[in-house]
Amino acid sequence: MKKVTFEDIKNSEEIKTYIRQADASLLELGYTEHSFAHVMRCAEMGSRWLLQLGYSEREADLARIAGYMHDIGNIVNRVDHAQSGALLAHHILDKMGMPPADIAVVITAIGNHDEGTAFPVNSVAAALILADKTDVRRSRVRNSENINFDIHDRVNYAVKKAVTALDVPERTLTLNLDIETEICSVMDYFEIFMDRMLLCRRASNFFNIHFQLNINGSALM
């Protein structure tokens with residue numbers, strides 16, 4: 001057994017291949033970007049928040065690993081991709097020599113990140129949920145010519161700026177969105193992302209912090 005680090009994971013050509021193919025499949029299905037920009041953001045934000053909240057560097061590194069690998073299950077199918085991704089991750093990490101205790105943390109987080117079945121069962125899972133569900137940005141949209149026809153693309157494309165800020169002394173995590181309402185109304189955003197925002201609240205509660213959503217300067221949660 002050895003200490004498998006995020007650098008080991010990031011340098012794995014096998015994992016890179018799975019991320020690329022998973023995103024290619026989602027492109028054909030009409031989904032927003034789930035490639036390296038998304039998974040690196042999840043890796044970076046989840047680990048950063050854990051460190052700010054006083055968790056260890058090892059826990060933060062496991063969050064980086066979970067964030068980077070969390071969507072590889074899309075290579076199998078979009079349906080139940082969290083669970084298939086957890087199984088794939090177990091095989092890869094075990095082959096790399098990661099100790100079972102570390103594997104357990106990572107695959108628990110991956111298996112609990114999708115809205116339909118997600119739950120913040122440990123700190124890494126909670127951090128991954130928050131990082132994943134707050135990644136709302138125009139650059140994730142790949143069908144900009146058709147944004148009037150797909151509400152998922154439209155609500156992402158409408159976001160001019162998104163900033164997620166953790167205030168440790170105030171115990172708040174705030175997603176601040178600047179939305180072009182002529183592209184997407186606030187109600188449209190809420191219709192699509194209500195489940196995700198409620199999941200963010202649940203994940204924040206794991207850390208005993210309050211999740212807040214501000215859109216165009218108004219607090220909605």
Side-chain angles (χ1 to χ4, degrees), residues 3-27 29 31-53 55-76 78 81-82 84-86 88-89 92-93 96 98 102-103 105-115 118 120 122-142 152-153 156-157 159-166 173 175-177 193 196 199-200 203:
K3 186 177 180 180
V4 177
T5 68
F6 177 56
E7 286 303 309
D8 297 322
I9 299 301
K10 195 169 62 169
N11 291 330
S12 166
E13 290 301 323
E14 178 184 8
I15 297 172
K16 289 178 185 176
T17 299
Y18 295 162
I19 291 172
R20 290 190 191 99
Q21 182 54 58
D23 186 54
S25 297
L26 293 179
L27 173 61
L29 290 168
Y31 281 83
T32 53
E33 178 267 324
H34 284 69
S35 190
F36 294 101
H38 173 61
V39 300
M40 282 300 297
R41 182 193 183 278
C42 290
E44 291 166 0
M45 297 305 295
S47 60
R48 180 189 306 173
W49 292 331
L50 284 185
L51 290 173
Q52 289 178 295
L53 290 166
Y55 288 83
S56 69
E57 175 55 45
R58 183 54 182 163
E59 288 167 299
D61 207 46
L62 292 177
R64 292 184 190 100
I65 292 169
Y68 188 76
M69 298 181 72
H70 79 280
D71 271 336
I72 60 172
N74 287 299
I75 197 172
V76 178
R78 180 62 179 174
H81 75 280
S84 55
L88 280 170
I92 295 166
L93 297 174
M96 295 177 75
M98 179 181 277
D102 287 350
I103 293 176
V105 172
V106 173
I107 66 174
T108 295
I110 293 173
N112 279 279
H113 85 270
D114 192 46
E115 288 99 295
N122 61 26
S123 60
V124 173
L128 175 56
I129 288 168
L130 290 168
D132 184 34
K133 305 313 171 192
T134 58
D135 187 16
V136 185
R137 52 188 163 82
R138 179 169 291 184
S139 58
R140 294 193 71 184
V141 176
R142 300 189 276 200
H152 294 84
D153 282 344
N156 276 279
Y157 195 80
V159 177
K160 293 190 294 183
K161 185 178 181 181
V163 177
T164 310
L166 173 62
L173 182 71
L175 173 59
N176 294 291
L177 297 177
F193 287 113
R196 299 182 192 185
L199 185 55
C200 284

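Each residue takes its place number in the sequence, starting with 1. Side-chain atoms are counted along with the backbone in the values below, which use heavy atoms only and exclude waters and symmetry mates. Quantities reported herein were computed from a predicted structural model and do not represent experimental measurements.
The residue from H38, R196, R41 that alone fulfils the side-chain hydrogen bond (donor to acceptor under 3.5 Å, both in side chains) condition with D132 is H38. Checked against V39 for a side chain to side chain contact (heavy atoms under 4.5 Å, CB included), the options R64, H70, H34 give a single hit: H70.
For the atom pair L128 CG and M45 CE, the distance stands at 13.0 Å (nearest 0.5 Å). Taking CZ of R138 as the start and CG of N156 as the end, the distance is 10.5 Å to the nearest 0.5 Å. Note: I107 CD1 to M69 CE = 10.5 Å, rounded to the nearest 0.5 Å. Annotation: the span from R48 atom CZ to L53 atom CG amounts to 12.5 Å, rounded to 0.5 Å. Separation of atoms OG1 (T5) and CG (L62) is listed at 10.5 Å; rounding is to 0.5 Å.
Between the K133 side chain and the H113 main chain, a donor and an acceptor come within less than 3.5 Å of each other. A donor-acceptor pair is defined here as one N or O able to donate and one able to accept, closer than 3.5 Å; such a pair exists between the side chain of R140 and the backbone of E33. Listed for the R142 side chain is a donor-acceptor partner under 3.5 Å among the backbone atoms of Y31.
In this structure the side chain of M98 reaches within 4.5 angstrom of the side chain of I65, judged on heavy atoms. In this structure, I129 and P120 have side chains that are in contact, with non-hydrogen atoms separated by less than 4.5 Å. In this structure, the side chains of T164 and N176 stay at 4.5 Å or more apart for every pair of heavy atoms. V105 has its side chain out of reach of T108: every pair of non-hydrogen atoms, C-beta onward, lies at least 4.5 Å apart. No side-chain heavy atom of N74 sits under 4.5 Å from any side-chain heavy atom of D23.
The 12-atom threshold is not exceeded at NZ of K3, counting heavy atoms of other residues, nucleotides or ligands nearer than 6.0 Å.
In this structure, the salt bridge (Lys or Arg N to Asp or Glu O under 4.0 Å) partners of R58, at least two apart in sequence or on a different chain, are D61, D102. Applying the side-chain contact (heavy atoms from CB on, under 4.5 Å) criterion to S12, with sequence neighbours excluded, gives E14, I15.
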Practice task
Output, in order, the C-alpha distance, side-chain angles, deciding distance and verdict of side-chain contact (heavy atoms from CB on, under 4.5 Å) for Y68 and E44.
Solution key: CA-CA 9 Å; Y68 188 76; E44 291 166 0; over 6 Å; no
Problem - Y18/I92 under side-chain contact (heavy atoms from CB on, under 4.5 Å): CA gap, chis, key distance, verdict - result: CA-CA 11 Å; Y18 295 162; I92 295 166; 3.8 Å; yes
